[in-house]
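Notes to accompany the following structure.
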Amino acid sequence: MRIASFNINGVKARLPRLLEWLEETRPTVACLQEIKSQDEGFPVEEFEKIGYKAIWYGQKSFNGVAILADGVEPVEVQRGLPGDPDDEQSRYLEADVNGVRIACIYLPNGNPQPGPKFDYKLAWMARLRARMTELWTQEIPAIVLGDFNVIPEDKDVWSPKAMASDALMQPESRDAYAQLLGDGWTDAIDTLNPRGGVWTYWDYQAGAWQRDHGFRIDHLLLSPELADRMKATGVDKDYRGREKASDHAPVWVEITG
DNA sequence: ATGGCTGGGTCTCCCAGA
């Protein structure tokens with residue numbers, strides 16, 4: 001099965017591009033971030049027409065996540081990241097599909113830093129680690145995937161110098177991400193591309209796509225039960241170059257079974 | 001040089017993104 005993630009930057013503005021990607025690459029599971037849609041505006045019928053069932057957790061204007069599955073309804077397990085009852089941002093959705101636990105995340109950007117948005121990012125990452133520890137102890141095949149908004153290492157960015165002050169690559173952000181790997185989660189793309197140089201995001205501005213000024217912030221973290229089944233991983237890079245593209249490209253991992 | 005695009009909503013400007 002193929003499990004994919006795509007920060008689409010607006011599900012309505014991106015719908016033709018999204019449907020095209022689903023039909024052309026046919027992922028078994030597709031996690032979406034930044035749907036930028038309220039629950040009642042989510043175009044579920046368009047996905048059902050091409051054979052995908054979906055659950056989604058929307059919000060007005062910003063954020064919003066969804067899980068699509070080919071031919072089966074995702075069984076929702078958790079809506080919203082536990083640990084802060086005052087957190088109203090739609091950034092976390094968890095479901096079971098074909099015996100695999102899928103956690104779709106849109107981790108806070110954190111800019112500008114320092115400041116309250118960066119504090120929120122770090123607090124969110126601490127809550128994420130707690131949730132992932134819960135998944136770990138259940139010993140189920142699990143994958144936590146989505147837009148982590150963290151550049152893990154210097155090899156994951158076109159210019160560490162240009163991005164030095166960005167929240168995406170502050171030591172605190174990197175340490176929090178490294179803790180997840182230290183806990184035993186497998187970064188699929190990094191494991192199969194250890195020398196780096198793989199990008200998943202290119203800014204709309206300053207000709208970043210044309211100059212290949214990108215970085216890697218969309219990640220796939222596998223539990224040991226799934227890491228043992230990993231066959232291949234990739235970035236559907238060419239979708240970034242099409243008309244009305246998202247600023248992210250889809251990422252995916254292929255596992256046996 | 002702190003700009004440069006893009007989507008959504010309060011809608012010809014502002015906010016947020018990364």
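Per chain, numbering begins at 1; letters A, B, ... match sequence-line order. Computed from a prediction, not measured in an experiment: that's the story for all the values here.
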Whole-Å distance between [N] [atom2] and [X] [atom1]?
| X | N | atom1 | atom2 | result |
| --- | --- | --- | --- | --- |
| Asn109(A) | dG7(B) | CG | P | 18 Å |
| Arg174(A) | dA18(B) | CZ | C1' | 14 Å |
| Met163(A) | dG17(B) | CE | C1' | 12 Å |
| Asn111(A) | dG3(B) | CG | P | 14 Å |
| Asp218(A) | dG17(B) | CG | C1' | 13 Å |
| Gln89(A) | dG17(B) | CD | C1' | 12 Å |
| Gln59(A) | dG7(B) | CD | P | 19 Å |
| Tyr120(A) | dG17(B) | OH | C1' | 14 Å |

Checklist entry - What pair of heavy atoms forms the shortest contact from Ser246(A) to Phe6(A), and how long is it? => result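 The pair with the smallest heavy-atom distance is CB-CE2, 3.9 Å.
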Quantified in whole Å, what is the [atom1] atom distance between nucleotide [N] and nucleotide [M]?
| N | M | atom1 | answer |
| --- | --- | --- | --- |
| dT10(B) | dC15(B) | P | 14 Å |
| dC11(B) | dA16(B) | C1' | 16 Å |
| dT2(B) | dG7(B) | C1' | 22 Å |
| dA1(B) | dT6(B) | C1' | 22 Å |

Next on the checklist: Judged by each residue's nearest nucleotide on DNA chain B, which is more toward the 5′ side, Ile217(A) or Ala245(A)?
Outcome noted: Ala245(A)
Checklist entry - On DNA chain B, nearest-nucleotide positions of Tyr204(A) versus Ser37(A): which is more 5'? => result Tyr204(A)
Hey, is the side chain of [X] poking within less than 4.0 Å of OP1 or OP2 on [N], counting only N and O atoms?
| X | N | result |
| --- | --- | --- |
| Asn149(A) | dA18(B) | yes |
| Tyr106(A) | dA18(B) | yes |
| Lys36(A) | dG9(B) | no |
| His248(A) | dA18(B) | yes |
| Lys244(A) | dG7(B) | yes |

Next on the checklist: Check this for me, if you would: do Glu76(A) and Arg79(A) make a salt bridge, where the nitrogen-to-carboxylate-oxygen distance has to be below 4.0 angstrom?
Outcome noted: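 A salt bridge links Glu76(A) with Arg79(A).
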Checklist entry - Would you call Glu94(A) and Arg101(A) a salt bridge, taking side-chain N to carboxylate O under 4.0 Å as the test? => result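 Yes, Glu94(A) and Arg101(A) are salt-bridged.
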Next on the checklist: Please check this pair: side chain of Trp199(A) against backbone of Asp212(A), looking for a donor-acceptor N/O pair closer than 3.5 Å.
Outcome noted: yes
Item to check | Criterion salt bridge (charged side-chain N to carboxylate O under 4.0 Å, His left out) on Glu20(A) and Arg26(A), from CA distance to verdict | outcome: CA-CA 10 Å; Glu20(A) 178 181 275; Arg26(A) 207 71 204 178; over 6 Å; no
Checklist entry - Base, sugar-phosphate, or nothing: which does Asn7(A) touch, judged by heavy atoms less than 4.0 Å apart? => result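 Sugar-phosphate contact only - Asn7(A) comes under 4.0 Å of backbone atoms but never of a base.
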Checklist entry - How is Lys121(A) classified with respect to the nucleic acid when contacts are heavy atoms under 4.0 Å: base, sugar-phosphate, or nothing? => result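 Nothing, no heavy atom under 4.0 Å.
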Checklist entry - What's the closest nucleotide to the Lys117(A) side chain, out of dG8(B), dA16(B), dA18(B)? => result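 Nearest to the side-chain atoms of Lys117(A), counting from C-beta on, is dA16(B).
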Next on the checklist: Could you go through Asp70(A) and Arg2(A), starting from their C-alpha distance and side-chain angles, then the distance that decides it, and tell me whether this counts as salt bridge (charged side-chain N to carboxylate O under 4.0 Å, His left out)?
Outcome noted: CA-CA 10 Å; Asp70(A) 189 359; Arg2(A) 176 179 292 216; over 6 Å; no
